[in-house]
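For reference, positions follow the sequence shown, starting with 1.
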Amino acid sequence: LQWRTLTTTIMASNSLKVPDPKAALKPPPLQKQGSSSSLTKGTTGSRSKSKLNSVSMSRLKRESQRRFDDDGGEEEWEAKDPVRPTDQLHLTDAELGQEFTRIINANNPHAPDNVVRFSHKEKEFKQTTTVDHTAFHLSLDGNLLLVDSDEGRRQKSRKSVALRSKSRTSVAAEISIQVPTGGAAAPAAASSGAGDDEEESGPVERKALRNQFNYSERASQTSNATIKERSAQTEPPPRAVFGATATQWTIYDAYIADQARQAALKEKKSVVKKEGPKDKAVDPSEVLDRSDDASPWAAAARLVKLTDAKKLERMVNQNTFDEVIQDLYYYEDPSDEFKPGQGSLLPLWRMACSSAKKRAVTALAWSPQYSDMFAVGFGSYDYLRQTGGMVAVFSLKNPSYPEFDFETSSGVMCLDIHPKKSDLLVVGLYDGTVCVHRLGYGGSIGTPLYQSTAKTGKHSDPVWQVKWQQSEEDTEYSFASVSSDGRVAKWTIVKSDLQCTDMVVLHSESEIGTGAASVFGRSCGTCMAFSSANPAMFLVGTEDGPVRACSTAYGSKYLRSFLGHNMGVYNIQWNAFHPRVFITCGADWTVRVWDTSADQPVFSFDLGSPVGDVAWAPFSACVFAAVTTNGQIYVFDLAQNKHEPLCVQDVVRKGHLTHIAFNSKLPLLIVGDDRGSVHSLKLSPNLRKVTRDKKAVLPEAQVAALEKILDSVKDLPA
């Protein structure tokens, strides 16, 4: 047989010739003399792994150098040159001995490195810098205790006691076995000894183990409260000894006399209610001589009139809030000198009525005659939870309690005080009713003087705004109202009745398809404002967003439409100085300043949340303020900054701000929230720089300053 040799080239420096696999079928040849004896001895002894590898390599080398002839003989020959692949790199010894280092870290290769999370602080998505590479393969809760801990010592002591008791019982058993059966004393002694051991050891109580990793004991020592004793020595009350014999007839006569006295007292109270309050002076002697009131305080209260009690209450409140009053009239924030272009609001009072805590402030109006008095309307903007409304009149002289307050049958949505007759108050309700009340101490305030009915043209939807109209003759009193039913009505007081006339009926137009006819429907009105320069012209805000310019002379058509808001318009107000400029706010988060000579808004500010109300400052043509539903108030001054507000301040933490109103004489504004509270705040000097210069306060200077700002923003037509 001819045997072929298979040569294998190893990429390292050593190259060997491996015999053909068929050679394994033939028994290996005898080993020559002089070969290593370690191969024969290796079967019985133990070798290391490296030694076995070296022996096997030398054996393979010798086998590769041996060949077999046809007769079965062996011949030694030299190894051939190794066969190298054609594409093998030729490396030098230095290159072969070069070491390449590979760093192995503990990072998780499957962990994502591009995780993005939303940052509420910066209001944008940001990539996270830290990635968690920890991977838990097994997690178990252990119950091990330290040997040196208290619980560990207790367990060891219990084990030792148990072992000691076992050893004693085993020893006693062995002794009893060794004692002969005839002895009676030994068993008795053994039994008594075992009993003593049992009594000494006693039953082992097992307590609940405490894990020291989840258990901690803490104690503290405090000082005892000092005991104080107070005593006073007074004169003993006079005593008198009384004795009588009471029979059933005596008790019966006493009950009959008491019932007659109570019946007479009820008759007197009913007569006083029918006659009404009397302002005539009361003789003190007559009051004190009455025996129907047991308390002298009730008799003394009749001597004080209601007006005198109000004055006394104001004096007490002025003493209580003396520091706040000083801040209102004399304090100026000194930090404004070091932060130009920024201002602040100083909180003064928080006024509320106990009976209106669960109602929202839906209307605010300052009295044009008394600068310290304002009216507040309470209702609800939650249309699914409508309750009765309330009207309260507060004064800065008595911020703790309202001067007048009365409740209404439906929620109050708006109100307005007459510009000349400050005792006339018109109120618009949620059920569509408008009513006129007279404020005063005499008579019933809660009963309206005039009230609309279905016969007189009552609105079918909530009334969102009412405004007194200026008339040339003081004998005629009229006001306008706008409602969600699309009607802008004019109400005139004639003798003892209200007469209604529709000034404008709002319509919304929309195109259906291509080339289709226009479809007209009622549009919901939300607010309105009459121009001081032209009383016949007024603006109406709609729930769809457009602002309609209307006239009292043309009730069927709009004069113009100002398109800018995408959602409902909440308030419109004309500028007190410039006749062409007005401002609007709405649910689309924006406040827009308009010029009637332009179709688009001149300024537009995005406040980031729905804007509940906006108002111009009465002392400057460039200053206005707005409140939002996130509880913030924004104050702008276009003369100082046309792009950013000068002041952004949080008024309430949990709640919404609904309305805002400036005081006409003081640097003060009031804001209402949805929890029935009215907050008063004072403007810092940087927010009213115009008031320092007497020339700048003039109306002509204000109009010129605002006109200059408008020209710089947009080219206005001549």
Between [Y] and [X], do the side chains contain a donor N or O and an acceptor N or O under 3.5 Å apart?
X    : Y    : value
D382 : S380 : no
D637 : S620 : no
N398 : S400 : yes
K490 : T552 : no
D372 : S395 : yes

Measure the [atom1]-[atom2] distance between [X] and [Y] for me, rounded to the nearest 0.5 Å.
X    : Y    : atom1 : atom2 : result
L348 : L396 : CG    : CG    : 9.0 Å
Q369 : S664 : CD    : OG    : 11.5 Å
W574 : R580 : CH2   : CZ    : 10.5 Å
K682 : S684 : NZ    : OG    : 9.5 Å
C647 : L345 : SG    : CG    : 4.0 Å
Y570 : H659 : OH    : NE2   : 10.5 Å

Contact summary for [X] and [Y], nearest pair of heavy atoms:
X    : Y    : result
V504 : C550 : CG2-CB, 3.9 Å
K310 : P402 : NZ-O, 3.8 Å
S604 : R592 : OG-NH1, 3.3 Å

Are the side chains of [Y] and [X] in contact, using a 4.5 Å heavy-atom criterion?
X    : Y    : answer
N571 : Q465 : yes
I633 : L669 : yes
L607 : V591 : yes
L646 : V635 : no
Y558 : L506 : yes
K397 : Y370 : no
V434 : W491 : yes
C435 : Y450 : no

Inset, instruction - Fit a plane to each ring of Y383 and W464, take the angle between them on a 0 to 90° scale, and name the class: parallel (under 30°), tilted (30 to 60°) or perpendicular (over 60°). - result: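 Judged by the thresholds at 30° and 60°, the geometry between Y383 and W464 is perpendicular.
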Inset, instruction - Check the angle between the aromatic planes of H565 and W594 and answer parallel, tilted or perpendicular using the 30° and 60° thresholds. - result: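 H565 and W594: tilted rings.
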Side chain [X], main chain [Y], donor-acceptor under 3.5 Å:
X    : Y    : answer
N575 : A621 : yes
S609 : T628 : no
S367 : F374 : no

Which residues share a side chain to side chain contact (heavy atoms under 4.5 Å, CB included) with [X], sequence neighbours left out:
X    : answer
R487 : H459, D485, A489, C500, D502, R522
E122 : S119, E124, K126
M567 : A587, D588
K357 : none

Residues 325-332, side-chain donor-acceptor partners within the protein, below 3.5 Å, at least two apart:
from : atom 1 : to   : atom 2 : distance (Å)
E332 : OE1    : R688 : NH2    : 2.6
E332 : OE2    : R688 : NH2    : 3.1

Inset, instruction - Using the test ring-ring contact (aromatic ring centres under 6.0 Å, His included), find all partners of Y430 that sit at least two apart in sequence or belong to another chain. - result: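 Listed in chain order: nothing, the list is empty.
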Legend entry - Set of residues satisfying ring-ring contact (aromatic ring centres under 6.0 Å, His included) with respect to H437, sequence neighbours excluded: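 Residues passing ring-ring contact (aromatic ring centres under 6.0 Å, His included) with H437: F406.
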Legend entry - H656: side-chain hydrogen bond (donor to acceptor under 3.5 Å, both in side chains) partners, not counting sequence neighbours: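 Residues passing side-chain hydrogen bond (donor to acceptor under 3.5 Å, both in side chains) with H656: none at all.
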Inset, instruction - Using a cut-off of 6.0 Å, state whether more than 12 heavy atoms not belonging to Y401 lie near its atom OH. - result: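 No, not enclosed.
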Inset, instruction - State which residues pass salt bridge (Lys or Arg N to Asp or Glu O under 4.0 Å) with R560; sequence neighbours excluded, sorted by chain then number. - result: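 For R560, the residues satisfying salt bridge (Lys or Arg N to Asp or Glu O under 4.0 Å) (neighbours in sequence not counted) are D599.
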Inset, instruction - Sequence neighbours left out, what passes salt bridge (Lys or Arg N to Asp or Glu O under 4.0 Å) with D497? Give chain and number order. - result: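 D497 satisfies salt bridge (Lys or Arg N to Asp or Glu O under 4.0 Å) with no residue once adjacent residues are dropped.
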Residues 534-544 side chain polar contacts: donor-acceptor under 3.5 Å, at least two apart:
from : atom 1 : to   : atom 2 : distance (Å)
N534 : OD1    : A536 : N      : 3.4
T542 : OG1    : G545 : N      : 3.4
T542 : OG1    : P546 : O      : 2.7

Inset, instruction - Would you mind listing every ring pair (Phe, Tyr, Trp, His ring centres under 6.0 Å) that reaches into residues 627-648, with sequence neighbours excluded? - result: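 Of all non-adjacent pairs touching residues 627-648, those that pass ring pair (Phe, Tyr, Trp, His ring centres under 6.0 Å) are F605-F636, F624-F636.
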